[in-house]
Amino acid sequence: QYIADVLGENWQDEYYIWDCCAGTGNLLAGLTNKYNIWASTLDKADVRVMQERIEEMGAGSNLLSSHVFQFDFLNDGFDDPKLPQSLRDILSDPAKRRRLVIYINPPYAEAGSAKTVANTGSNKTGVSNVSNIYNEYITTLGKAGRELFVQFFTRIYHEIPDAVLAEFSKLKILQAPNFSDFRNMFQAKLERLFLMPSYTFDNVKGKFPIGFYIWRTDKHCSFKEIMAQVYEGNKEPQLLTTKLITLPQGHSINEWLKTYEEKTVKTEIAAMCCVGTDFQHQNYINIATSKECIKGVGNAKGIAKFGITPNNLIPTCIYISVRHCIE
């Protein structure tokens with residue numbers, strides 16, 4: 001429905017659809033025009049699952065077996081014979097690319113994860129930073145390039161220009177400081193945004209918002225703000241609310257707190273964990289008896305461990321209140 005609001009009620013007949021990280025094709029449920037849908041995935045076993053389902057459903061399937069194929073989107077070239085010729089014709093035609101919707105729920109794996117921050121895991125370097133796309137575009141992506149979904153978006157933006165991108169991802173794509181280089185590069189117009197809690201997804205750990213975004217890559221502009229609809233999954237009644245999502249301006253709250261840091265003081269009455277400035281790090285914000293007692297910040301830099309003294313006690317109280325008062 002969100003895509004129809006942007007592209008029109010007949011969009012499935014007027015546009016082509018490619019899920020380039022389809023898994024077993026769950027995201028494509030509900031689509032109807034099988035002649036305009038392609039599905040690819042990295043795992044050959046998932047391809048077999050989709051093709052077996054197509055065979056079982058027969059004429060009732062919403063996919064064509066010839067449109068389902070194995071393809072490594074972050075490494076294979078678009079001239080690869082694994083791509084159906086019909087899809088290659090769309091990718092090579094500027095007019096048809098404008099009517100191509102890349103419709104994906106990409107993987108959220110990254111080189112550094114929450115487990116790394118909590119000292120319970122190690123960086124997934126073999127997962128996200130060895131792809132051809134990473135190597136080609138890392139100089140323009142900065143730290144955001146460690147994210148697999150960022151690598152997907154980057155290839156789509158550069159190599160499938162003017163397509164529509166309808167995708168699921170975290171909010172840090174719009175707000176996190178580490179994504180500033182990516183935002184400078186990814187100059188697409190965000191048409192719509194819908195937010196939902198992470199626990200409404202299967203096999204997703206942690207508590208954070210996941211957004212469904214619709215981007216027009218043929219309209220070039222920088223993100224400033226958008227009014228998003230929000231699914232309050234844990235509220236009764238379960239209503240849609242709205243929330244203004246904005247690009248942070250000026251200095252962060254951590255930069256403000258840093259002005260009260262006393263590096264040479266010998267007497268600290270306590271210490272505070274201040275890692276990160278986004279909601280994914282809220283659970284780490286706490287006060288401990290000393291810096292040595294603060295756990296779970298890994299290799300975080302800046303003021304991840306902030307010494308509390310009589311001189312900065314009030315700024316400390318303000319900081320922890322602001323970090324925890326917002327639901």
Side-chain angles (χ1 to χ4, degrees), residues 1-107 131-133 148-149 151-153 155-169 201-203 212-218:
Q1 184 57 52
Y2 267 71
I3 299 176
D5 290 343
V6 174
L7 302 182
E9 288 296 331
N10 297 322
W11 73 278
Q12 292 194 54
D13 296 323
E14 298 171 356
Y15 285 78
Y16 310 104
I17 303 161
W18 181 18
D19 185 347
C20 56
C21 47
T24 57
N26 293 335
L27 185 61
L28 302 174
L31 299 181
T32 56
N33 189 348
K34 59 186 175 183
Y35 300 102
N36 283 8
I37 304 171
W38 288 261
S40 64
T41 185
L42 178 64
D43 193 338
K44 291 183 179 180
D46 288 338
V47 174
R48 287 195 297 270
V49 169
M50 283 189 282
Q51 291 180 336
E52 288 171 0
R53 187 185 303 149
I54 292 170
E55 186 175 347
E56 291 173 1
M57 297 183 67
S61 173
N62 71 333
L63 292 173
L64 293 175
S65 184
S66 60
H67 284 194
V68 176
F69 56 100
Q70 188 274 332
F71 186 73
D72 184 348
F73 191 81
L74 298 182
N75 289 292
D76 293 340
F78 289 153
D79 57 351
D80 193 299
K82 292 194 294 287
L83 259 74
Q85 185 61 49
S86 54
L87 181 57
R88 275 189 276 172
D89 291 342
I90 295 170
L91 296 176
S92 62
D93 187 323
K96 291 181 178 179
R97 279 201 310 268
R98 289 180 176 273
R99 292 188 288 118
L100 175 62
V101 178
I102 307 294
Y103 183 40
I104 54 174
N105 181 18
S131 73
N132 292 337
I133 297 303
L148 280 182
F149 76 87
Q151 295 178 32
F152 274 88
F153 299 170
R155 184 176 198 187
I156 291 164
Y157 183 76
H158 284 290
E159 301 181 21
I160 315 178
D162 300 335
V164 177
L165 175 59
E167 51 86 5
F168 293 85
S169 62
F201 285 71
D202 291 336
N203 304 315
F212 176 62
Y213 306 70
I214 302 177
W215 303 89
R216 296 296 298 256
T217 67
D218 61 340

- prompt: Which heavy atom in Ile133 sits nearest to a heavy atom in Phe73, and how many Å separate them?
  reply: CG1-O, 4.3 Å
message: According to side-chain contact (heavy atoms from CB on, under 4.5 Å), who are the partners of Asn62, at least two apart in sequence or on a separate chain?
response: Leu31
message: Quick check against the 3.5 Å criterion: does Arg97 have a side-chain atom that pairs as donor or acceptor with the backbone of Pro161?
response: yes
- request: Mind jotting down which residue pairs meet the ring-ring contact (aromatic ring centres under 6.0 Å, His included) criterion with at least one end in residues 25-60? Sequence neighbours excluded, please.
  value: Trp38-His67
Residues forming a side-chain contact (heavy atoms from CB on, under 4.5 Å) with Asn75, sequence neighbours excluded: Asp72, Ser131, Asn132
task: Over all heavy atoms of both residues, which pair between Asp218 and Arg98 is shortest? Give the atoms and the distance, please.
output: OD2-NH1, 3.4 Å
From CG (Asp19) to CD1 (Ile37), nearest 0.5 Å: 10.0 Å
Under 3.5 Å donor-acceptor pairs involving side-chain atoms of residues 50-59, not counting sequence neighbours:
from, atom 1, to, atom 2, distance (Å)
Gln51, NE2, Val68, O, 3.3
Arg53, NH1, Thr24, O, 2.8
Arg53, NH2, Thr24, O, 3.3

query: Do you know which two heavy atoms are closest between Arg88 and Leu83, and how far apart they sit?
result: NE-O, 3.2 Å
Close side-chain approach of Ile90 to Trp18, heavy-atom, < 4.5 Å: no
- prompt: Who passes ring pair (Phe, Tyr, Trp, His ring centres under 6.0 Å) against Tyr16, sequence neighbours left out?
  reply: none
query: Backbone N or O of Val164 within a donor-acceptor pair of the Arg216 side chain at under 3.5 Å?
result: no
- prompt: Quick one: side-chain contact (heavy atoms from CB on, under 4.5 Å) partners of Gln70, sequence neighbours excluded?
  reply: Leu42, Lys44, Val47, Lys82
task: Scan Tyr213, Phe212, Phe153, Phe152 and name whichever one has a ring pair (Phe, Tyr, Trp, His ring centres under 6.0 Å) with Phe168.
output: Phe212
